[in-house]
Amino acid sequence: MAPPDAQPPEEPRQEPPYWPWPGEQIPYRRAEHPTVDAHFTEDSPPPPRPRRRWLPVGAVLVAVTGITTAALLLTQSGEPGPDDSGGTTGLYGPGDDITPRTSEPWETTSEPHPPTDPPDSSSPVDPTPTEDDEPSPPVETQEVYVDNLSVGDCVDEAERTSYYVIVPCEGEHERQTLDLATLDDRAEYPGEEVVAEEARALCWDSYSLASSDWPAEEEELLYYDKVTPSSSTWAEGDRTVICLLKTLDGSPLQKDFLSG
């Protein structure tokens with residue numbers, strides 16, 4: 001029986017399990033810890049040592065960086081520059097010619113280019129004009145009163161009222177005279193509505209007759225306009241209706257529609 005003041009025996013202290021660092025090689029021993037050493041048995045070979053493949057790459061990068069830095073330092077130290085004493089510093093010696101070059105980099109010498117001779121003004125010049133030098137002939141135009149138009153005239157509106165400018169039909173023009181029709185003769189002016197209705201019927205007949213020979217794609221873009229007598233010109237004997245060909249969208253005509 002143990003004495004009353006005797007101490008109980010101490011239990012053996014258990015070491016905590018050893019957790020290896022990433023990449024650390026674990027010494028070969030039997031499995032003691034269920035999670036760490038379970039993969040190592042007496043029959044399994046030791047694990048291979050990890051290869052540090054980044055070491056050669058790092059060495060190459062360090063070498064390249066050192067060579068580049070040294071080249072830059074040598075290049076900068078070779079450029080001459082002014083110092084405090086009025087001389088130059090760099091790779092040049094006291095007797096070297098350090099005059100700055102003023103010629104362009106692609107020139108082989110600093111001598112200026114020889115001056116070019118001015119053109120000889122005494123040499124004969126060919127007086128024959130070319131096609132570009134020949135002036136274009138002026139466009140023949142004529143401003144006439146509306147009652148003096150003829151069938152087939154290509155015209156543009158003039159600044160004056162009831163006047164038109166006759167222009168060539170080969171170029172752009174606003175109107176072309178389609179027909180000169182005559183209203184029924186009356187002693188008194190019948191009114192604007194009656195005159196407009198009779199003029200519309202006359203010009204429609206003229207337009208229908210002329211458009212029968214036109215292609216359908218051209219005819220659908222064209223229409224007619226008319227100029228009728230007023231009450232004052234009716235009293236002077238005016239009974240003429242001028243039928244004019246035009247486009248529906250107001251764009252200019254491009255050719256002569258009555259020549260063919």
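Remember, predicted model here, so these are calculated numbers, not experimental data. As a basis for the values below, the full set of heavy atoms in this structure was taken, side chains included, without hydrogen atoms, waters or symmetry mates.
- For the pair K226 and Y224, the cation-pi criterion (under 6.0 Å, within 45° of the ring axis) is not fulfilled.
- In this structure the side chain of V144 reaches within 4.5 angstrom of the side chain of I166, judged on heavy atoms.
- Between F257 and W214, the ring planes lie perpendicular to each other; the angle is over 60°, past the 30° to 60° tilted range.
- Heavy-atom neighbours of Q254 CD from other residues, nucleotides or ligands within 6.0 Å: above the threshold of 12.
- Taking CG of L222 as the reference point, atom CG of L253 lies at 6.5 Å (rounded to 0.5 Å).
- Considering SG of C154 and CG of L244, their distance stands at 11.0 Å, rounded to 0.5 Å.
- Hydrophobic clustering (side-chain heavy atoms under 4.5 Å, transitive across Ile, Leu, Val, Met, Phe, Trp, Tyr) groups W204 together with I242.
- A salt bridge does not link K255 with E172: none of the charged nitrogens is closer than 4.0 Å to a carboxylate oxygen.
- For CD of E159, the number of neighbouring non-hydrogen atoms (other residues, nucleotides, ligands) closer than 6.0 Å is 12 at most.
- Atom CG of residue L180 and atom OG of residue S150 lie 7.0 Å apart, to the nearest 0.5 angstrom.
- With contacts defined as side-chain heavy-atom distances shorter than 4.5 Å, the pair Y207/C243 does not qualify.
- Of the candidates T240, T233, V195, V195 is the only one forming a side-chain contact (heavy atoms from CB on, under 4.5 Å) with T228.
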